[in-house]
Amino acid sequence: MKTNDIKILLVDDEPDILEIVGYNLKNEGYNVHTANNGLKAIEKAIKHKPHLILLDIMMPEMDGIEACEKIRSTPGLENTLISFLTARGEDYSQVAGFEAGADDYITKPVKPKILVSKVKSLLRRLKDNNAASDAVSLGNIVIDREAYLVLKDSKKIVLPRKEFELFSLLASKPDKVFKREVILERVWGNEVVVGGRTIDVHIRKIREKIGNERIQTIKGVGYRFVV
């Protein structure tokens with residue numbers, strides 16, 4: 001995919017952020033759309049089907065958390081990459097963001113070079129995931145990486161991107177214990193700083209959808225998938 005074919009939706013209620021960040025992304029060749037609140041973000045996401053959404057948390061009319069949740073539940077947008085832009089660096093807001101289905105977290109003030117680097121890293125994940133076209137059958141569960149789809153007893157289960165990547169990683173080697181630091185590096189990338197509860201939040205959400213029996217906690221070490 002060519003750079004100018006990649007669509008990015010930038011959402012922030014600060015005009016300076018839209019101008020400066022938008023300029024730097026356009027300068028890299030990306031096709032950039034903007035919105036200044038959560039409601040408009042949803043409208044433009046449905047209209048343009050962006051590959052990546054950079055979404056502020058604190059906004060009028062509808063905040064980023066609610067907008068993210070609605071985007072994740074919109075057909076055709078379930079697997080769109082979403083990274084929050086926020087000045088709130090507390091662990092609880094990170095957890096809330098990941099609970100809502102975010103893929104990444106970028107803290108303000110935004111430094112253009114760092115932001116562009118993170119955007120490129122996120123889009124590489126998108127490319128890598130699209131390149132993986134194998135479907136794996138594990139008992140009554142089928143994982144189709146090409147379709148970004150999980151089936152349990154032939155029933156479709158919708159997992160946001162990060163939940164899918166985490167579940168797919170664990171299921172790639174049944175009974176292997178994946179250490180927490182390995183999971184963070186493989187799923188979030190070692191350039192992303194996330195709160196200590198991030199993995200736990202995603203594991204809990206996966207268990208709610210797949211079942212507790214599939215993922216075992218190895219206390220003090222990590223997690224493993226059981227067929």
Side-chain angles (χ1 to χ4, degrees), residues 6 8 51-55 68 72 78-86 88-108 110-111 113-136 138 141 143-146 148-150 159-210 214-227:
I6 296 175
I8 297 177
H51 298 89
L52 169 64
I53 300 176
L54 300 176
L55 184 62
C68 181
R72 281 286 179 246
E78 304 95 331
N79 297 318
T80 297
L81 289 165
I82 299 176
S83 178
F84 278 120
L85 289 172
T86 179
R88 297 173 63 183
E90 298 93 339
D91 185 62
Y92 76 87
S93 64
Q94 291 188 17
V95 171
F98 289 124
E99 284 262 18
D103 297 290
D104 203 346
Y105 202 93
I106 301 173
T107 304
K108 294 179 181 178
V110 177
K111 296 182 179 179
K113 288 185 178 180
I114 293 177
L115 179 128
V116 168
S117 176
K118 282 186 172 287
V119 165
K120 289 180 178 179
S121 178
L122 279 163
L123 293 171
R124 277 197 299 271
R125 293 185 215 168
L126 180 64
K127 179 180 178 182
D128 292 343
N129 291 331
N130 288 339
S133 60
D134 53 319
V136 179
L138 299 164
I141 292 177
I143 302 172
D144 188 339
R145 287 193 60 88
E146 183 174 22
Y148 242 75
L149 179 66
V150 175
L159 296 179
R161 181 173 295 275
K162 275 291 167 281
E163 290 177 27
F164 182 91
E165 291 178 0
L166 174 53
F167 183 62
S168 181
L169 172 64
L170 296 177
S172 67
K173 294 184 178 180
D175 296 322
K176 171 183 170 62
V177 178
F178 284 87
K179 295 181 179 180
R180 294 174 67 87
E181 56 267 28
V182 172
I183 293 172
L184 283 172
E185 181 178 353
R186 295 280 296 276
V187 177
W188 280 271
N190 54 19
E191 82 285 356
V192 179
V193 179
V194 295
R197 291 180 53 204
T198 298
I199 297 176
D200 303 326
V201 168
H202 284 71
I203 289 291
R204 175 172 59 80
K205 302 288 278 188
I206 293 170
R207 282 173 169 160
E208 290 174 357
K209 299 168 185 175
I210 304 294
R214 287 298 184 183
I215 301 177
Q216 290 185 349
T217 302
I218 309 303
K219 192 173 181 180
V221 182
Y223 298 93
R224 69 180 173 190
F225 177 87
V226 180
V227 178

Quick one: pull up [atom1] in [X] and [atom2] in [Y] and give me the separation to the nearest 0.5 Å.
| X | Y | atom1 | atom2 | answer |
| --- | --- | --- | --- | --- |
| D104 | L54 | CG | CG | 9.5 Å |
| I6 | L81 | CD1 | CG | 10.0 Å |
| R72 | R161 | CZ | CZ | 7.0 Å |
| I206 | K162 | CD1 | NZ | 11.5 Å |
| H202 | L159 | NE2 | CG | 10.5 Å |
| L169 | R186 | CG | CZ | 5.0 Å |

Review point. Between I203 and L170, does a side-chain contact (heavy atoms from CB on, under 4.5 Å) hold up when you go through it step by step?
Key: CA-CA 11 Å; I203 289 291; L170 296 177; 4.0 Å; yes
Over all heavy atoms of both residues, which pair between [X] and [Y] is shortest? Give the atoms and the distance, please.
| X | Y | answer |
| --- | --- | --- |
| T80 | L52 | CG2-N, 4.2 Å |
| F164 | D144 | CZ-O, 3.8 Å |
| C68 | G101 | SG-C, 4.0 Å |

Distance-only donor-acceptor hits, side chain of residues 216-227, under 3.5 Å, sequence neighbours excluded:
residue	atom	partner	partner atom	Å
Q216	OE1	R224	NE	2.9
Q216	OE1	R224	NH2	3.0
T217	OG1	R207	NH2	2.8
Y223	OH	D200	OD1	2.7

Review point. Mind checking whether I199 and V187 have side chains closer than 4.5 Å, heavy atoms only?
Key: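 No, too far: nothing below the 4.5 Å cut-off.
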Exercise for review: Flag the pair E165 / W188 as yes when at least one side-chain heavy-atom distance between them is below 4.5 Å, and no otherwise.
Suggested key: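 Result no, sub-4.5 Å side-chain heavy-atom pair not found.
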Practice item. Before giving the answer on side-chain contact (heavy atoms from CB on, under 4.5 Å), spell out for I215 and I210 the whole-Å C-alpha distance, their side-chain angles and the decisive distance to 0.1 Å. Key: CA-CA 9 Å; I215 301 177; I210 304 294; 5.9 Å; no
**Study point:** Pairs meeting criterion ring-ring contact (aromatic ring centres under 6.0 Å, His included) with involvement of residues 168-187, two or more places apart
**Key:**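 For residues 168-187: none.
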Review point. Who are the side chain to side chain donor-acceptor pair (under 3.5 Å) partners of K209, not counting sequence neighbours?
Key: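 For K209, the residues satisfying side chain to side chain donor-acceptor pair (under 3.5 Å) (neighbours in sequence not counted) are E163.
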Practice item. Using the test side chain to side chain donor-acceptor pair (under 3.5 Å), find all partners of S168 that sit at least two apart in sequence or belong to another chain. Key: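 Partners of S168 by the side chain to side chain donor-acceptor pair (under 3.5 Å) criterion, ordered by chain and then number, come out as R145.
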Review point. Counting distance only, does the side-chain N/O of D103 pair as donor-acceptor with the main-chain N or O of S83 below 3.5 Å?
Key: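 No, D103 side chain to S83 backbone: no donor-acceptor pair under 3.5 Å.
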